[in-house]
Protein chains: 2
Amino acid sequence: MKTVTISDVATHAKVSKSTVSQYLNKRYDYMGEKTKQRIELAIEELGYQPNIVARSLKQKSTKTIGVIVANILHNFTTEVTRAIEDVCISSDYHTIICNADDDPEKEKHYIEMLRAKQVDGLIIFPTGDNRGLYEKMLKDRYPVIFLDRKVEDIPISSILLDNEMASGLAVEHFVQKGYSRIGMITTSIINHITPRLERIQGYEKAIHKEGLPFVEEYVKSAEPTNIQRVLEELLDLEEPPEAILAGNDLVLIEILKYAKQNGMKIPEDLAVIGIDDVSFASFYTPAITTVAQPTFEIGKMGAEALLDKIRNNKVEDELLNYRFDPHLMVRDSV
Amino acid sequence: MKTVTISDVATHAKVSKSTVSQYLNKRYDYMGEKTKQRIELAIEELGYQPNIVARSLKQKSTKTIGVIVANILHNFTTEVTRAIEDVCISSDYHTIICNADDDPEKEKHYIEMLRAKQVDGLIIFPTGDNRGLYEKMLKDRYPVIFLDRKVEDIPISSILLDNEMASGLAVEHFVQKGYSRIGMITTSIINHITPRLERIQGYEKAIHKEGLPFVEEYVKSAEPTNIQRVLEELLDLEEPPEAILAGNDLVLIEILKYAKQNGMKIPEDLAVIGIDDVSFASFYTPAITTVAQPTFEIGKMGAEALLDKIRNNKVEDELLNYRFDPHLMVRDSV
DNA sequence: CTGAAAGCGCTTACAG
DNA sequence: CTGAAAGCGCTTACAG
């Protein structure tokens with residue numbers, strides 16, 4: 001596979017490399033019509049494709065952004081990612097997605113790798129445990145946007161859900177339906193993940209606002225594999241909750257599995273609301289009431305904010321944290 | 001953001017660029033211990049990161065492969081993709097995923113774009129309508145592997161499911177459970193997509209093998225948005241099928257939606273088997289019997305076959321079509 | 001054991 | 001209107 005380069009085209013068209021390059025970059029201003037045609041023909045005949053790697057080296061721009069997600073398993077992540085790609089493609093940027101798998105070490109690896117690959121900017125769902133790296137990017141004036149989570153004291157714009165409102169909507173709906181013993185389960189909070197902490201806070205605030213007693217043992221956090229056990233603990237309480245708010249899609253699924261295995265009827269035996277809309281929510285039996293995130297808008301805004309930074313070479317973050325409103329999708333599980 | 005290059009490191013460490021490069025590439029053979037330490041220190045102090053773009057240009061390898069999927073919406077695609085990434089990462093290759101969205105034009109765009117970006121090879125779920133491009137890659141001795149589908153007369157290795165067997169397992173199971181009026185719905189076959197055609201063929205063969213009459217109007221194909229209408233047509237037949245084989249996950253979901261909306265009980269009113277295991281199969285009510293593909297193995301083999309081609313610079317395809325066996329996951333929907 | 005030089009395939013002032 | 005030359009940041013024979 002003998003690659004054909006710009007020199008080959010130049011020779012073939014009997015012009016210089018410079019002229020071919022002008023042609024490729026559509027700088028036709030002063031180019032003779034015949035020259036143009038000859039180059040076009042040569043490119044055609046040789047099947048020439050410009051080498052983007054070489055171009056990137058010279059132009060110091062790869063027209064590519066990186067996105068490092070905390071965990072690709074969440075439905076939220078997949079959808080946001082898709083929105084980011086859409087925006088990028090229509091702006092002629094490419095996207096490289098990496099999955100940090102909730103592991104700060106992997107996140108570090110990917111940040112370094114992507115920067116080494118000279119991507120023009122980064123969208124990160126931060127694990128939170130790489131402050132040094134985040135600060136270095138800031139110092140280097142390297143374009144970054146956080147998504148879904150923020151990191152204490154790191155002045156990088158973050159685009160997130162109004163998580164407190166999400167829990168609020170759910171609690172309010174439970175109460176409207178006559179429930180007062182409302183529990184909540186989230187995935188692990190040992191790493192201080194923003195949405196989880198905020199959703200728990202939002203839950204607590206909403207409970208108070210509704211004039212209900214806040215029962216500390218009604219709120220639990222655990223790794224996905226332990227969710228079912230934790231749920232069981234809740235249900236074994238003297239006064240078990242009659243309704244459960246699932247902190248995200250993974251928690252919801254574990255609750256549904258548990259209910260099925262134990263022959264529990266939803267909502268009769270246990271009412272359920274999940275934060276994050278799941279693919280099967282509408283046709284599950286019962287259809288699941290969820291609090292949906294505007295995933296497309298979040299991704300879109302993230303991508304646009306990053307591209308804006310890249311193009312205008314700006315680092316000063318006027319927006320900082322931007323929050324989107326969640327929406328309650330009322331169905332049959334409560 | 002003043003980037004620090006290999007020259008800066010060289011100056012700082014008082015050695016030449018060559019020596020720094022040797023160090024970076026771990027060619028320590030004849031390197032003085034003190035030199036090594038000075039370079040190490042300089043790199044540390046300057047926060048130097050090699051520019052992979054420059055390296056790629058010189059080495060003519062980006063250590064990156066591209067994968068162009070036909071349609072990212074299928075569960076199969078997501079899982080295979082993940083397996084490919086796993087293999088690549090552990091071999092120190094990166095992966096760029098592109099979604100052709102079942103559109104040959106987009107596929108063309110991505111093939112050209114990825115080749116221009118100098119990815120070292122391509123895994124393609126071919127739309128089938130870019131024969132010219134496929135042939136050019138072959139002519140250029142450019143490493144490619146097809147996945148999930150094959151293209152008539154293009155001698156490029158393809159890794160696929162034994163699709164006929166998939167339908168066969170399903171039909172056999174229906175029959176065992178006492179069903180004889182068995183229908184099948186697939187997504188559109190106007191583009192002659194391999195798995196769909198083969199699954200229909202497999203269905204027909206199995207029907208014959210079971211000694212059942214083959215009823216032509218029992219097998220339908222349609223775009224996802226029309227699946228529900230097509231299902232309705234089937235059920236409106238004089239002698240409607242009592243069991244339906246869903247050709248893939250998207251078809252299954254439409255069938256489930258229809259059943260729910262029309263208050264049909266599964267399997268009492270309609271028995272269902274889906275080809276492709278869906279995330280919610282095990283905890284849906286009823287749990288859905290599916291024919292699962294070994295997605296991880298398929299992706300793994302695809303990636304390994306491609307990396308092998310890349311590393312050994314071989315084009316001769318001894319394996320050509322390799323097929324994996326599907327597995328019946330017996331649950332409660334039939 | 002280390003350095004000078006050429007070159008990967010482009011782009012971009014600049015000269016004419 | 002077009003071309004010669006320098007340079008992007010590396011790597012790699014080769015010389016010493």
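Quick note: numbers below take in every heavy atom, side chains included, and nothing from hydrogens, waters or symmetry partners. In what follows, chains carry the letters A, B, and so on, assigned in the order in which the sequence lines appear, proteins first and then strands, with residues in each chain numbered from 1.
- The salt bridge (Lys or Arg N to Asp or Glu O under 4.0 Å) check on K63(A) picks up nothing, with sequence neighbours excluded.
- In terms of phosphate contacts, T35(B) brings a side-chain nitrogen or oxygen within less than 4.0 Å of OP1 or OP2 of dT2(C).
- As a whole-Å value, the separation of E33(B) CD from dT2(C) P is 11 Å.
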>> Across nucleotides 9-16 of chain D, 5' to 3', mark each nucleotide with B, S or - according to how protein heavy atoms within less than 4.0 Å reach it.
In response: BBBB----
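- R149(A) has a carboxylate O that lies under 4.0 Å from a charged side-chain N of D102(A), or vice versa, which qualifies the two as a salt bridge.
- Among residue pairs with one or both ends in residues 105-138 of chain B, those qualifying as ring-ring contact (aromatic ring centres under 6.0 Å, His included) are Y134(B)-F146(B); sequence neighbours excluded.
- Between T19(A) and dT2(D) there is no side-chain N or O to OP1 or OP2 distance below 4.0 Å.
- Within the 4.5 Å cutoff, no side-chain heavy atoms of I96(A) are placed close to those of H94(B).
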> Which dot-bracket notation, 5' to 3', represents the base pairing of DNA chain C when pairs are defined as Watson-Crick or G-U with both distances under 3.5 Å, crossing pairs as [ ], and inter-strand pairs as |?
Replying inline: |||.||||||||.|||
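- For the atom pair K309(A) NZ and I156(A) CD1, the distance stands at 6.5 Å (nearest 0.5 Å).
- Remark: D120(A) engages no residue in a salt bridge (Lys or Arg N to Asp or Glu O under 4.0 Å) (not counting sequence neighbours).
- Among residues at least two apart or in separate chains, side-chain hydrogen bond (donor to acceptor under 3.5 Å, both in side chains) pairs with a member in residues 10-20 of chain A are H12(A)-E45(A), S16(A)-T19(A).
- Exactly one residue among N99(A), T127(A), D101(A) makes a side chain to side chain donor-acceptor pair (under 3.5 Å) with K106(A). That residue is D101(A).
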